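Handing you a structure now.
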Amino acid sequence: MGHNTISITDNRTGAQYEVPITDGTIRATDLKQIKTSPDDFGLMTYDPAFLNTASCRSSITYIDGDKGILRYRGYPIDQLAENCSFLEVCYLILNGELPNQSQLEEWIRLVKRRTMLHETSKKFLEGFRYDAHPMTMLISCVAALSSVYPEARHVHDAANRKKQITRLIAKMPTITAYCYRHHFGLPYIYPDNDLSFTENFMNMMWKMLEPKYVANPILARALDVLFILHADHEQNCSTNTMRAVGSSQADPYVSVAAAAAALSGPLHGGANEEVLHMLSEIGSKDNIPAYIKSVKDGHGKLMGFGHRVYKNYDPRARIIKQTADEVFSVTGLNPKLEIAKELERIALEDEYFVKRKLYPNVDFYSGIIYEAMGFRPSLFTVLFAIPRVVGWLAQWQEMITDPEQKIARPRQIYTGSDERNFVPMTQRA
Ligand code: SDX
């Protein structure tokens, strides 16, 4: 066997090149030497939507799409979902190791200290109509926090980064709850730091006039598991956005706002809300064959199905399905679950989906659980953003501290007009 190189012959010139292979990749810049003449720019790679391009080195999350494997810092997702709290997994994703007891207690203390929002956020949120989409409100409110913490722009100061990261993780549930309460004209509920991360979120969402909110422990735990499952997912669309915006040294608040904007799209994090709309539209098992036919005829997609990386069952979907049973033992069965299960059964036997390796992804069952827990579909993507903020921030910090990284600026293949002269208005057709 030869060395770790690839031999390239440019048939335009007959020239031959040896390009090193590292970690299963070649550096695109190593192709620039391949020219047809001295003033030729050199060969580039062309990879719309980055189907086969690594943008970074990362030690945070590992996915094997064919085997349906997902690990955070080497730990299989099912083991973390079974044994950890969400904040424990946050610590792991940010720091690379599971915390010991004192580290975990200190981390929880730091997060609880930061759960309150600056009162100006209330005035900001009051500017939205009652029916504004909560993702729009979240994106705006997070960006606005950049004005509350201007020191966040010192992105190369590690202690400052840690403070902003802690603030963002702690405040996402508070912002979400405020958005929800704004819709109903309910008074905002302040954080109750006696409660766990997810119990406190439920408190801020649903506390009414009772002196102290008491969360159902099964639902609080189910939410913790769902947050663990959504925490990071290597270089997905919103994380790529976080890295790109952060590469200009923009502060973490506006970078998270940009990442959340990417997440809001129906092909990404917005899919969980679209799944619920799809299941409502289908209405009953009897209508499933007709709906699947319409998808196969090119009328829309089966939301919650398919994935750029997983060409096998999304391991998160499997765990979410198990969590559903625990939630429904408290809330009662969500009738949409039966439609979803029948839809999955039929789709997994249908050649169209089998050939394209389309399986249920993380969004297929999550919305059914969220709806059963009392969350409105318009909040589902916000419930995705709450935990994903730790993944965005860990990836952002990894990019900021990576000596190989610099401002993200792809090249292009120009397909426009050659040079031409200005045409005065009187001479235009
Ligand atoms: C998330 O990247 C991540 O890690 C994302 C995520 C994370 O944790 O961050 O996992 C979260 O975003 C999950 C995905 C949620 N989105 C949806 O459920 C929306 C529906 N899914 C599709 O839009 C699609 O599957 C994507 C966007 C998820 C993946 O798209 P790709 O990789 O670009 O695949 P593709 O569009 O090129 O599809 C390949 C073929 C096409 O058919 P042909 O043109 O070959 O005939 O499969 C078809 C597609 O039309 N196809 C689907 C389909 N998904 C793909 N057909 C019907 N229903 C679908 N859901």
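Everything numeric here is computed off the predicted structure, so don't read it as measured data. All ligand and atom numbering here is 1-based and tracks the order in the structure.
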request  = Mark the output for K296 as yes if a heavy-atom distance to ligand 1 is under 4.0 Å, and as no if none is.
outcome  =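 For ligand 1, residue contact (heavy atoms, under 4.0 Å) with K296 is absent.
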query = Under 4.0 Å from any heavy atom of G304, which atoms of ligand 1 are there?
reply =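 Answer, ordered by atom number: 17 (C), 18 (O).
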Short N or O distance, F305 and ligand 1, threshold 3.5 Å exclusive =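 By distance alone, the answer is yes.
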task = Have a look at ligand 1 and work out which part of V295, if any, has a heavy atom under 4.0 Å from it: side chain, backbone, both or neither.
result =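 It is the side chain that touches ligand 1; the backbone stays farther off.
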ask   = Are any of the protein's heavy atoms under 4.0 angstrom from atom 46 (O) of ligand 1, yes or no?
value =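 It does: a protein heavy atom is found less than 4.0 Å away from atom 46 (O) of ligand 1.
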inquiry  = Counting only heavy atoms from other residues, nucleotides and ligands, does the tally under 6.0 Å from CG of N52 exceed 12?
reply    =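 For N52, atom CG is not crowded (no more than 12 foreign heavy atoms under 6.0 Å).
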request  = Kindly state if atom 30 (O) of ligand 1 has a protein heavy atom within a strict 4.0 Å cut-off, that is, under 4.0 Å?
outcome  =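 Flag for atom 30 (O) of ligand 1 set to false, no protein heavy atom closer than 4.0 Å.
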request  = Could you tell me whether E106 and R109 make a salt bridge, using a distance below 4.0 angstrom between a side-chain N and a carboxylate O?
outcome  =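 Yes, this pair counts.
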message = Students should be able to answer this: which protein heavy-atom is nearest to atom 51 (N) of ligand 1, and at what distance?
response =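 Scanning the protein heavy atoms, the shortest distance from atom 51 (N) of ligand 1 goes to L358 CD1, 3.7 Å.
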task = Check the pair I108, L104 against side chain to side chain contact (heavy atoms under 4.5 Å, CB included), reporting the backbone distance first and the verdict last.
result = CA-CA 6 Å; I108 292 171; L104 180 57; 3.9 Å; yes
key: Per-atom contact, atom 9 (O) of ligand 1, protein heavy atoms, under 4.0 angstrom   =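 Protein heavy atoms within 4.0 Å of atom 9 (O) of ligand 1 - there is at least one.
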ask   = With a 4.0 Å heavy-atom cut-off (strictly under), which part of E234 contacts ligand 1: side chain, backbone, both or neither?
value =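 No part of E234 comes within reach of ligand 1.
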ask   = Are R308 and Y310 in a cation-pi contact, defined as NZ or CZ under 6.0 Å from the six-membered ring centre and within 45° of the axis?
value =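 Verdict for Y310: no cation-pi partner in R308.
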task = Quick one: look up the protein heavy atom nearest atom 27 (C) of ligand 1 and list residue, atom name and how far away it is.
result =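 It is L267 O, 3.9 Å.
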query = Can you tell me if Q235 and R243 form a side-chain donor-acceptor pair at under 3.5 Å?
reply =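 There is such a pair (donor and acceptor under 3.5 Å, judged by atom type) between the side chains of Q235 and R243.
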request  = Tell me yes or no: between the side chains of Q164 and N160, is some donor less than 3.5 Å from an acceptor?
outcome  =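 Side-chain D/A pair, Q164 to N160: present.
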ask   = Right, does atom 37 (O) of ligand 1 have protein non-hydrogen atoms nearer than 4.0 Å?
value =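 For atom 37 (O) of ligand 1 the answer is no, since every protein heavy atom stays at 4.0 Å or beyond.
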Side chains of residues 264-273: which donor-acceptor partners sit under 3.5 Å, not counting sequence neighbours?
residue	atom	partner	partner atom	Å
S264	OG	A261	O	2.5
H268	NE2	N236	OD1	3.3
H268	NE2	S238	N	3.1
H268	NE2	S238	OG	2.9
N272	OD1	T381	OG1	3.3
N272	ND2	F380	O	3.2
E273	OE1	H133	NE2	3.0
E273	OE2	H277	NE2	3.4

key: atom 28 (C) of ligand 1 - nearest protein heavy atom and its distance   =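 Protein heavy atom at minimum distance: G306 O, 3.6 Å.
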ask   = Does the protein put any heavy atom within less than 4.0 Å of atom 20 (C) of ligand 1?
value =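 Yes, there is a protein heavy atom closer to it than 4.0 Å.
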ask   = Quick check: does L302 get an N/O under 3.5 Å from an N/O on ligand 1?
value =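 Yes, since at least one N or O of L302 sits under 3.5 Å from an N or O of ligand 1.
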Proximity to ligand 1 by part of H230, non-hydrogen separation under 4.0 Å =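 Answer for H230: neither.
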For atom 2 (O) of ligand 1, closest protein heavy-atom neighbour =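 Result: N236 CB, 3.4 Å.
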message = If you measure every N or O of D314 against every N or O of ligand 1, does any of those distances drop under 3.5 Å?
response =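 There is no such contact.
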query = Among protein heavy atoms, which sits nearest to atom 11 (C) of ligand 1, and what does the distance come to when rounded to 0.1 Å?
reply =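 Result: H268 ND1, 3.7 Å.
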ask   = For atom 17 (C) of ligand 1, what's the nearest protein heavy atom and its distance?
value =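 Result for atom 17 (C) of ligand 1: A271 CB, 3.5 Å.
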ask   = Between F201 and F197, is the ring centre distance below 6.0 Å?
value =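 No, the ring centres sit 6.0 Å or more apart.
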query = Which residue holds the protein heavy atom closest to atom 40 (C) of ligand 1, what is that atom called, and what is the gap in Å?
reply =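 Closest protein heavy atom to atom 40 (C) of ligand 1: R356 CD, 3.9 Å.
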query = Considering all protein heavy atoms, does one lie under 4.0 Å from atom 13 (C) of ligand 1?
reply =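 Given the 4.0 Å cut-off, atom 13 (C) of ligand 1 counts as touching protein heavy atoms.
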ask   = Is it true that the NZ or CZ of R181 lies under 6.0 Å from the centre of Y188's six-membered ring and within 45 degrees of the ring axis?
value =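 Not satisfied by the 6.0 Å and 45° rule.
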request  = Check the angle between the aromatic planes of F375 and Y370 and answer parallel, tilted or perpendicular using the 30° and 60° thresholds.
outcome  =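 Answer is perpendicular, since the angle exceeds 60°.
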query = Just how far is it from atom CG of N312 to atom CG of D66, taken to the nearest 0.5 Å?
reply =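 With rounding to 0.5 Å, CG (N312) is 7.5 Å from CG (D66).
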key: Subset of ligand 1 atoms that lie under 4.0 Å from at least one heavy atom of R388   =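 Per the distance check, 7 (C), 8 (O), 9 (O).
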ask   = Hey, is atom 23 (O) of ligand 1 under 4.0 Å from any protein heavy atom?
value =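 Yes, there is one.
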ask   = To which protein heavy atom is atom 34 (O) of ligand 1 closest, and what is the distance rounded to 0.1 Å?
value =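 That would be R308 NE, 4.8 Å.
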query = For ligand 1, which part of Y352 has a heavy atom less than 4.0 Å away: the side chain, the backbone, both, or neither?
reply =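 Looking at Y352 and ligand 1, just side chain atoms fall under 4.0 Å.
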task = Give a yes or no on whether F41 atom CZ has more than 12 heavy-atom contacts from other residues, nucleotides or ligands under 6.0 Å away.
result =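 Check passes, neighbour count above 12.
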query = Got more than 12 heavy atoms from elsewhere within 6.0 Å of NZ, K296?
reply =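 Counting neighbours around NZ of K296, more than 12 heavy atoms of other residues, nucleotides or ligands fall under 6.0 Å, so yes.
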task = Look up atom NE2 in H182 and atom CG in L125, then write down how far apart they are to the nearest 0.5 Å.
result =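 Going from the NE2 atom of H182 to the CG atom of L125 covers 7.0 Å.
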query = Could you state the interatomic distance from CD1 (I77) to NE2 (H233), rounded to the nearest 0.5 Å?
reply =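 I77 CD1 to H233 NE2: 8.0 Å, rounded to 0.5 Å.
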inquiry  = Could you check whether any heavy atom of Q235 sits closer than 4.0 Å to an atom of ligand 1, since that is the contact criterion I want to use?
reply    =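 Q235: no contact with ligand 1 (<4.0 Å).
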message = Could you measure the distance from the CG atom of L110 to the OH atom of Y91? Nearest 0.5 Å is fine.
response =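 L110 CG to Y91 OH: 10.5 Å, rounded to 0.5 Å.
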key: Heteroatom proximity flag, K311 to ligand 1, N/O under 3.5 Å   =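 N/O-N/O distance under 3.5 Å: no.
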